[in-house]
Amino acid sequence: MKDALHELLLHALDRLRHDGVLDAPAPAFVIEPTRSREHGDFACNAALLLANPLGKKPREIAEAIVAALPKNHLVERVEIAGPGFINFFLGGAAWHDEIRRVLHEGAQYGHSHAGAGRAVGVEFVSANPTGPLHVGHARAAAIGDTLARLFSATGWKVYREFYYNDAGAQIGNLALSVQARIKGIEPDDARWPADGYRGDYIRDVAKDYLDGATVEAGGERITAKKDPDDLDAIRRFAVTWLRREQDEDLRAFDVAFDVYFLESSLYTDSKVQQVVDRIAAEGHSYEADGALWLRATDFGDDKDRVMRKSDGSYTYFVPDVAYHLSKWERGYKRAITELGADHHGSLARVKAGLQALAIGIPKDWPEYVLHQMVTVLKGGEEVKISKRAGSYVTLRDLIDMAGLDATRYFMIARKSDSQLVFDIDLARSQTNDNPVYYIQYAHARVCSVHRQMHERSIVFEQHKALTHLDRLQGEHARAVMVAISRFPDIVEAAADNREPHLLAQYLRELAGAFHVWYNAEQFLVDDEGLRNARVALAYATRQVLANGLGMLGVSAPESM
RNA sequence: GCGCCCGUAGCUCAAUCGGAUAGAGCAUCGGCCUUCUAAGCCGACGGUUGCUGGUUCGAUUCCAGUCGGGCGCGCCA
């Protein structure tokens, strides 16, 4: 709808330029839904933007533009208002066309081909396999997976990636912790490893190791050796054990990855070495204090960074650079890296490393999405402890307490860069307080109408109904049609700006418009034309709700 | 000290790359069920967008400063 108006305006501007009235390039004008109906349905600011370059009054320019606008059946009338806005009032036909589109395109409505099948890599969660996933990972999983779904819907070929830091010191710590448990050492014991993991799950890993259990994850199948002194065997068993647990939690959260990328593979494939060599060959490194440094300050970082420590091992960010290089080489036109905001310090050095390779990676690649902290609230008090993990609340805790749908919705309902309060009581409440139920209820209501029709043997013929849409009169039905028509724009904006919360907010609004209409008007009336028109609009609403919820990974139940 | 993020109604948050009179929900108060699900709807109340300047036709949005909260500033990850 917006696109159609955009076309009209471009035509008008072209004509003005051709006639010599307009002596400036077309400005980056916007067409946006208006806040108030007095201002029509959509407003355009082109004249305001042209006022300065042309040195004319905006209203004068607006008049010229309006005079040059081609006729279009969607537009009922055009007004110039305020300082020089061009306001479009659309006729019923515009909305009716859109409702027909919804019912024809079905599950595809709101999808686009903007991505043209290009590849986008979305990396998220990327937790160390040293413990259960926590609330932060829950937010990461919801944001990342929703973004992935949004990119899919907008025509991108999406690859979901999970990067395992399976090669660092943390893993050594994990092995030592499990070994301690195997030997019956408790976390408060003096012999407990310095930075050991204290959660109960370590005891479970130890027990399975001693029992000679077999675990499987990431295509790897390992049977425990039972030997308490074989630290390497313990390490491999523990990592696989925890990967399996994380996989299970993610599956329970309805998140699946296409690529599991192991940090350790970057070492075995010499990718880390190659990155360092390449950076050195480009002259962006130097030796000092027995270490090899990246001249990160050449690329906007605030200090230079050590790549190879004096003990010969690499700092963590070098494999990170190698990993992102791998994404680049695998052809990701766009790469999204979703991280907790506490990692933002590492962005500059990874980007510096990628630039130092001098292989033509754009400065704004990859794109980072950072999420802020999550505070969990229950009974009005902050929850900090999980029995299982010890020091933090787990993803599994959230799913158990609030359910999959509520957890996914709440985690993306706020802008990712603002801190989030996750209220368990609200998430599990089955009242209108809870936006998830509110939206799902709207969907279920349409399904209920559908069932009623069957029970009453009312026949609904879509092709006939679609010729009666002009029977939809009144503010309430109109508000629903307007809301429905916004969906494609919302999906596009949410994907382009990497802001899934836009979709969550929108669905709440659409459901609201529907509930108001539902309350005001009876759908299943005797007048066949009117009934068909209303049922068609209800079906269209259900379709959009289902499509939108699907992009959030939230279910659309047929009854509550 | 430096860097990044956030300060919007009592609370939780929106505001579509600078748009017109800043919007929802909750909470509070008052209404609506012999009609398709009341897990709903209607109404009222609620604001100097932390503060001070600047940029312009127009600023919650951009810039500078300031106050408050969070995070980060390792040869840890």
Side-chain angles (χ1 to χ4, degrees), chain A residues 2 28 30 32-36 38-39 43 45 48-49 51-52 57-58 81-85 87 128 130 165 167-171 195 263 289-293 302-303 305-311 313-317 319-320 340-348 370-373 377 413-421 423 426 429-435 437-438 440-442 444-453 455-456 458 486 489-490 492-494 496-497 499 501-502 504-506 508-509 511-512 514-525 534-535 538 559-560:
Chain A
K2 220 154 111 177
V30 293
E32 50 186 11
T34 55
R35 288 202 172 129
S36 154
E38 291 168 44
H39 301 138
N45 64 347
L48 292 162
L49 297 176
N52 219 324
K57 288 183 180 165
F85 288 104
N87 291 337
N128 291 346
T130 55
N165 294 112
Q170 311 289 352
I171 299 297
D195 294 309
E263 181 187 6
D289 306 326
L292 183 67
W293 296 69
D302 52 2
K303 50 181 90 162
R305 307 291 177 177
V306 170
M307 293 194 289
R308 194 173 55 226
K309 301 182 239 176
S310 47
D311 69 2
S313 65
Y314 296 99
T315 55
Y316 76 96
F317 91 92
D320 239 30
D342 55 340
H343 286 80
H344 82 258
S346 78
L347 271 53
L370 302 181
H371 67 264
Q372 289 286 345
M373 282 180 35
L377 223 58
R414 309 292 180 223
K415 254 187 309 207
S416 65
D417 54 10
S418 45
Q419 294 173 29
L420 174 72
V421 176
D423 187 334
L426 177 60
S429 85
Q430 306 200 349
T431 67
N432 55 352
D433 309 3
N434 186 339
Y437 281 86
Y438 185 85
Q440 291 180 322
Y441 183 40
R445 272 185 149 171
V446 181
C447 295
S448 175
V449 170
H450 177 76
R451 285 191 296 271
Q452 278 288 324
M453 288 206 307
E455 280 170 30
R456 299 190 208 168
I458 296 172
R486 287 176 55 210
D489 293 337
I490 295 288
E492 189 188 328
D496 285 354
N497 303 326
E499 292 188 335
H501 77 281
L502 294 176
Q505 299 282 341
Y506 163 79
R508 181 67 176 67
E509 285 166 30
F514 175 79
H515 284 307
V516 171
W517 176 49
Y518 179 95
N519 240 267
E521 290 175 0
Q522 187 79 10
F523 300 172
L524 302 180
V525 293
R534 286 181 175 166
V535 171
S559 64
M560 301 299 282

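This structure is a prediction, so every number in the text was calculated from the model and none was measured. Residue numbers begin at 1 in each chain, while the letters A, B, ... track the order of the sequences.
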Exercise. Write down the distance separating the C1' atoms in B:U28 and B:U35, rounded off to the nearest Å.
Key: 32 Å
Exercise. Select from A:Phe317 and A:Ala341 the residue whose nearest nucleotide in RNA chain B is closer to the 5' end of that strand.
Key: A:Ala341
Quiz prompt | Closest approach of A:Val446 to A:Ala538 (non-hydrogen atoms, all atoms of both residues) | solution = CG1-O, 3.4 Å
Quiz prompt | Nucleotide nearest A:Leu48 when distance is taken to its side chain, options B:G19, B:A14, B:C36 | solution = B:G19
Practice problem: Whole angstrom is fine here: how far is it from OH in A:Tyr518 over to P in B:C36? | Solution: 7 Å
Practice problem: In plain terms, say whether A:Arg534 and A:Glu521 are close enough for a salt bridge, that is, a side-chain N and a carboxylate O under 4.0 Å apart. | Solution: yes
Quiz item: Considering only B:A15, B:C75, B:A38, which nucleotide approaches the side chain of A:Arg35 most closely?
Solution: B:A15
Self-check item: Under-4.0 Å side-chain N/O to phosphate OP1/OP2 contact, A:Arg445 with B:A38
Solution: yes
Quiz item: In whole Å, what is the span from the NZ atom of A:Lys57 to the P atom of B:G58?
Solution: 16 Å
Practice problem: Identify whether any heavy atom of A:Asn87 sits under 4.0 Å from a base atom; if not, whether one sits that close to sugar-phosphate; answer base, sugar-phosphate or nothing. | Solution: base
Quiz item: Rounded to whole angstroms, how far apart are CD on A:Glu509 and C1' on B:G25?
Solution: 11 Å
Quiz item: For the base of B:A77, is there a side-chain donor-acceptor partner from A:Asp342 under 3.5 Å away?
Solution: no
Quiz item: A:Phe85 side chain: which of B:G19, B:C5, B:C36 is closest?
Solution: B:G19
Quiz item: Between B:C36 atom P and A:Gln452 atom CD, what is the distance in whole Å?
Solution: 7 Å
Quiz item: Between A:Phe514 and A:Tyr518, what is the ring plane arrangement, given parallel below 30°, perpendicular above 60°, and tilted in between?
Solution: tilted
Quiz item: Rounding to the closest angstrom, what is the interatomic distance between B:A24 and B:A15 at atom P?
Solution: 15 Å
Quiz item: For atom C1', what is the distance between B:A59 and B:A22, given to the nearest Å?
Solution: 12 Å
Practice problem: Could you tell me the separation between the CZ atom of A:Arg486 and the P atom of B:A24, rounded to a whole number of Å? | Solution: 13 Å
Practice problem: Can you figure out which of B:C76, B:A15, B:G19 approaches the side chain of A:Glu32 most closely? | Solution: B:G19
Quiz item: Is there a donor and acceptor pair closer than 3.5 Å between the side chain of A:Asn45 and the base of B:G19?
Solution: yes
Self-check item: B:A39 OP1/OP2 closer than 4.0 Å to side-chain N/O of A:Asn434
Solution: no
Quiz item: Think A:Arg486 forms a cation-pi with A:Tyr506, using NZ or CZ under 6.0 Å from the six-ring centre and within 45 degrees of its axis?
Solution: no
Self-check item: A:Asp417/A:Arg414 salt bridge by N-O under 4.0 Å criterion
Solution: no
Quiz item: Below 4.0 angstrom from OP1 or OP2 of B:C41, is there any side-chain N or O of A:Tyr438?
Solution: yes
Quiz item: What nucleotide, of B:C42, B:C57, B:A20, holds the atom closest to the side chain of A:Val516?
Solution: B:C42
Quiz item: What is the nucleic acid contact for A:Asn128, judged by heavy atoms within less than 4.0 Å: base, sugar-phosphate only, or nothing?
Solution: sugar-phosphate
Exercise. Please state whether the phosphate of B:C76, meaning OP1 or OP2, lies under 4.0 angstrom from any side-chain nitrogen or oxygen of A:Lys309.
Key: yes
Exercise. With the side chain of A:Asn52 defined as its heavy atoms from C-beta on, choose the nearest nucleotide among B:G3, B:C75, B:C57.
Key: B:C57
Quiz item: Base, sugar-phosphate alone, or nothing: which one does A:Glu38 contact when heavy atoms must sit under 4.0 Å apart?
Solution: base
Practice problem: Give A:Pro58 one of three labels, base, sugar-phosphate or nothing, depending on what nucleic acid heavy atoms sit under 4.0 Å from its own. | Solution: nothing
Exercise. Answer yes or no: side-chain N or O of A:His344 and base N or O of B:G3 forming a donor-acceptor pair under 3.5 Å.
Key: yes
Self-check item: Pairwise C1' distance, B:U12 and B:G31 [rounded to whole Å]
Solution: 26 Å
Quiz item: Counting only heavy atoms not in A:Lys309, do more than 12 sit closer than 6.0 Å to its NZ atom?
Solution: yes
Practice problem: Report the nucleotide, chosen from B:A77, B:A15, B:U12, that has the shortest atom-to-atom distance to any side-chain atom of A:His343. | Solution: B:A77
Quiz item: When all nucleic acid strands are considered with a 4.0 Å heavy-atom cut-off, which category describes A:Ser36: base, sugar-phosphate, or nothing?
Solution: nothing
Self-check item: Same-atom distance (C1') from B:A14 to B:C26, integer angstrom
Solution: 14 Å
Self-check item: Nearest-angstrom distance from the residue atom CG of A:Asn497 to C1' of B:U61
Solution: 14 Å
Quiz prompt | Separation of B:U8 C1' from A:Arg414 CZ (nearest whole Å) | solution = 14 Å
Quiz item: Quick one: do the A:Asn128 and A:Thr130 side chains pair a donor with an acceptor below 3.5 Å?
Solution: no
Practice problem: Give one of base, sugar-phosphate or nothing for A:Gln522, where a contact means two heavy atoms less than 4.0 Å apart. | Solution: base
Self-check item: Pairing residues for A:Leu48 by the side chain to side chain contact (heavy atoms under 4.5 Å, CB included) criterion, not counting sequence neighbours
Solution: A:Asn45, A:Pro58, A:Pro83, A:Phe85
Self-check item: Side-chain donor/acceptor contact of A:Tyr441 with base of B:A39 under 3.5 Å
Solution: no
Self-check item: B:G19 OP1/OP2 closer than 4.0 Å to side-chain N/O of A:His39
Solution: no
Quiz item: Between B:U49 and B:G23, how far is it from one C1' atom to the other, in whole Å?
Solution: 12 Å
Quiz prompt | B:G19 to B:G74 separation - C1' atoms, rounded to the nearest Å | solution = 47 Å
Quiz prompt | Complementary nucleotide for B:A24 - Watson-Crick or wobble, under 3.5 Å | solution = B:U12
Quiz prompt | Presence of A:Ser418 side-chain N/O under 4.0 Å of B:A14 phosphate oxygens OP1/OP2 | solution = yes
Practice problem: Write down the atom of A:Arg451, the atom of A:Ser559, and the distance for their closest heavy-atom approach. | Solution: NH2-CB, 3.8 Å
Self-check item: For B:U49, the Watson-Crick or wobble partner whose two distances fall under 3.5 Å
Solution: none
Quiz item: Which nucleotide in the set B:U35, B:G70, B:A14 lies at the smallest distance from any side-chain heavy atom of A:Lys415?
Solution: B:A14
Practice problem: Could you check which of B:C13, B:C5, B:A20 has an atom nearest any side-chain atom of A:Ala43? | Solution: B:A20
Quiz item: Which is true for A:Glu492 with a 4.0 Å heavy-atom rule: it touches a base, it touches only sugar-phosphate, or it touches nothing?
Solution: nothing
Exercise. Kindly point out which of B:C75, B:G74, B:C71 is positioned nearest to the side chain of A:Ser310?
Key: B:C75
Quiz item: For B:C11, does the glycosidic angle fall within 90° of 0 (syn) or outside that (anti)?
Solution: anti
Self-check item: Distance, P atom - from B:G10 to B:C71, rounded to whole angstrom
Solution: 26 Å
Quiz item: If you pin A:Ala413 and A:His450 to their nearest nucleotides in RNA chain B, which one's is more 5'?
Solution: A:Ala413
Quiz item: Which base, if any, makes a Watson-Crick or G-U wobble pair with B:C2, both distances under 3.5 Å?
Solution: B:G72
Exercise. Quick one: closest heavy-atom pair of A:Thr34 and A:His39, and the distance?
Key: CG2-O, 3.2 Å
